[in-house]
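Here the structure is a predicted model, which means the values were calculated and not measured.
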Amino acid sequence: MNIKKILSSLLALALVFGLFLACMPASVLADNKSKETEKSEEEEEEPSDTVKKLFKDFDKAMAKQIGKLPKKYEKPKVGVLIISLTNPFWANMERCYLEAAEELDLDIDVQTGTTEGDTSSQLDVLMTMADMDYDVIILSPIDGSNLIPGIVKCNKNGVKIINLGPGVDLKALEEAGGHLDARITVDFAEQGQICAEDMMKRLDNKGKVAILSGLAGAGQSEGRTKGAKESFEDKKSKVDLVAAQNCDWDASLAYNATKDLITEHPDLKGLFCCNDVMALAASVALEAEGKKDVLIYGVDYTKDAQEALKEGRMTGTMSYSSQGYCRAALQMAILLHDGKEFDENIYLPLTLITVDNIEEMQGWK
């Protein structure tokens, strides 16, 4: 082939590639660009000294409770069932599971239900997973009972079950003839308690406060609400808890509930929300009404909550290392498959992040 033909071929290829880019939707190009930018930002983010210490303390606490991995072990095939990718927290958990699996060189498969309240679809997914060739399944139920039939099926099929996060109703599970092989979670009541106590301290232990809970029956919502309520209603407390209502983890419901609350209680001073989605919606509602003196707390330390804390639109959010959480659960899966038994719940250390320490939390995930 002569030089002229080579140049002609290269020009033709360039034109085809140019047309391909021109025909590609702008949203796709922008999305790819944003993903590349996000990835490079995450890679460049060096953990602060505060965060390095938190990671060290977290790993130490997990090693003490879980134990060390054996030098040699057979790698299990692990299935993971989370709640819903419609919630930023669970979308981040999926990412953390995949990163931890790559780090541990494990074969995992992450599945999910359709929406955060669709208990039936989540059970359908687990029933299907029970018939697949998983050695261990790590699951997080929408409520205490929705996955019980699937867990019983897994038990019968010899698939070991780790309950991560929201708890399964153990009494109901036992009555159905099922069992868990291990559980890793956080103390949800403690999350609510810590937020409530920080709020009361900032309010000098006075003023009207309220709680926006999640889905009725969901363990994390019930626990967080219970912890906050007990703190607000303690004998030493002088704050006035004026309402505690379910908003089903839904931003629209939280927005409307907040507007109703400040209409009925224009002197409201504090609002504890059982996750960041509802806390952010509450902050928008308050801003729309020109209310700037209400303390708002959430749970989960999502990206949007981090920005809200930096901008002063939220006061605090409860956190723990999602990265460490997923890695610890996968380590438990390895140990279970290797024959280790877990008789006690594994609890994660908690961290309250507020407007006062948000700038020190670089690299926390």
Verdict with reasoning, Met361 to Tyr301, per side-chain contact (heavy atoms from CB on, under 4.5 Å): CA-CA 11 Å; Met361 299 306 295; Tyr301 190 58; 3.5 Å; yes
Cluster overlap Leu147 with Ile142, hydrophobic side-chain contacts below 4.5 Å: no
Non-neighbouring partners of Phe58 that pass ring-ring contact (aromatic ring centres under 6.0 Å, His included), sequence neighbours left out: none
Exam field: side chain Asn357 to backbone Thr354, donor-acceptor pair closer than 3.5 Å: yes
Short side-chain to backbone donor-acceptor contact, Thr315 and Leu295, under 3.5 Å: no
Salt-bridge criterion met for Lys72 and Asp338 (N-O under 4.0 Å): no
Side chain to side chain, Trp249 and Gln220, heavy atoms closer than 4.5 Å: yes
Salt bridge (Lys or Arg N to Asp or Glu O under 4.0 Å) between Lys64 and Asp59, intermediate numbers included: CA-CA 9 Å; Lys64 184 177 179 181; Asp59 290 341; over 6 Å; no
Side chain to side chain, Ser319 and Asp300, heavy atoms closer than 4.5 Å: no
Smallest separation among heavy atoms of Asn246 and Ser213, with atom names: ND2-CB, 3.5 Å
Asp131 and Lys153 ion-paired at < 4.0 Å: yes
Distance-only side-chain donor-acceptor flag, Gln111 / Asp109, under 3.5 Å: yes
Nearest atoms (heavy-atom pairs only) where Gly207 meets Lys269: CA-CG, 4.4 Å
Contact check, side chains of Leu212 and Cys274, non-hydrogen atoms, under 4.5 Å: no
Under 3.5 Å: donor-acceptor pair, side chain of Ser140, backbone of Pro166: no
Joint hydrophobic cluster, Leu253 plus Tyr297, side-chain heavy atoms closer than 4.5 Å: no
Exam field: side chain Gln245 to backbone Ile211, donor-acceptor pair closer than 3.5 Å: no
NZ/NE/NH1/NH2 to OD/OE distance under 4.0 Å, Lys310 and Glu359: no
Gln193 vs Glu197 side-chain heavy atoms within contact, under 4.5 Å: yes
Same apolar cluster (I L V M F W Y, side chains within < 4.5 Å links), Met129/Leu330: no
Under 3.5 Å donor-acceptor, Ser231 side chain and Gly227 backbone: yes
Any side-chain heavy-atom pair of Lys365 and Ser322 under 4.5 Å: no
Pro88 side chain reached by Asn92 side chain, heavy atoms, under 4.5 Å: no
Same apolar cluster (I L V M F W Y, side chains within < 4.5 Å links), Ile358/Leu280: yes
Validation row: Leu350, Glu190 side chains within 4.5 angstrom (heavy atoms): yes
Audit row: Gln331, Arg327, side-chain contact (heavy atoms from CB on, under 4.5 Å) steps and yes/no: CA-CA 6 Å; Gln331 289 173 340; Arg327 186 173 65 247; 3.9 Å; yes
Over 12 non-hydrogen atoms of neighbours within 6.0 angstrom of CD in Glu264: no
Cluster overlap Leu54 with Tyr325, hydrophobic side-chain contacts below 4.5 Å: no
Donor-acceptor contact present, side-chain Asp260 to main-chain Thr263, <3.5 Å: no
Heavy-atom donor-acceptor pair, Gln65 side chain to Tyr347 backbone, under 3.5 Å: yes
side-chain contact (heavy atoms from CB on, under 4.5 Å) between Ile151 and Val168, intermediate numbers included: CA-CA 10 Å; Ile151 295 171; Val168 174; 3.8 Å; yes
Salt-bridge contact Lys77-Asp135 (side-chain N to carboxylate O under 4.0 Å): no
Carboxylate-amine/guanidinium contact Lys53 Asp49, below 4.0 Å: no
Salt bridge present between Lys229 and Glu222 (N-O < 4.0 angstrom): no
Check against salt bridge (Lys or Arg N to Asp or Glu O under 4.0 Å), Lys208 and Asp240: CA-CA 5 Å; Lys208 293 182 178 180; Asp240 180 13; 5.2 Å; no
When the side chains of residues 170-183 are checked against the rest of the protein, which donor-acceptor pairs come out under 3.5 Å, sequence neighbours left out?
unit_1: Asp181; atom_1: OD2; unit_2: Ile161; atom_2: N; d: 2.7
unit_1: Arg183; atom_1: NE; unit_2: Asn163; atom_2: OD1; d: 3.4
unit_1: Arg183; atom_1: NH2; unit_2: Gly165; atom_2: O; d: 2.9

Closest non-hydrogen atom pair, Phe272 against Ala228: CD2-CB, 3.6 Å
Derivation of the side-chain contact (heavy atoms from CB on, under 4.5 Å) call for Ile66 and Ile346: CA-CA 7 Å; Ile66 295 173; Ile346 306 299; 4.0 Å; yes
Smallest separation among heavy atoms of Ile296 and Ala279, with atom names: CG2-O, 3.7 Å
4.5 Å side-chain heavy-atom contact, Leu98 and Ile108: yes
Over-ring placement of Lys75 relative to Tyr73, 6.0 Å and 45° cut-offs: no
Minimum heavy-atom distance Ala130-Gly150, with the two atoms named: CB-O, 4.4 Å
Main-chain N/O of Ser145 paired with Asp143 side-chain donor or acceptor, under 3.5 Å: yes
No-hydrogen, no-angle side-chain donor-acceptor test under 3.5 Å, Thr86 and Ser84: yes
Sidechain-backbone polar pair: Ser121 side chain, Thr114 backbone, donor-acceptor under 3.5 Å: yes
Lys156 NZ: over 12 foreign heavy atoms closer than 6.0 Å: no
Minimum heavy-atom distance Met199-Gly270, with the two atoms named: SD-CA, 3.7 Å
Whether Phe55 and Trp364 hold their rings parallel, tilted or perpendicular, with breakpoints at 30° and 60°: tilted
Backbone of Leu164 reached by a side-chain donor or acceptor of Thr185 within 3.5 Å: no
Donor-acceptor side-chain pairing of Thr317 and Asp276 below 3.5 angstrom: yes
Salt bridge Lys291-Glu289, side-chain N to carboxylate O under 4.0 Å: no
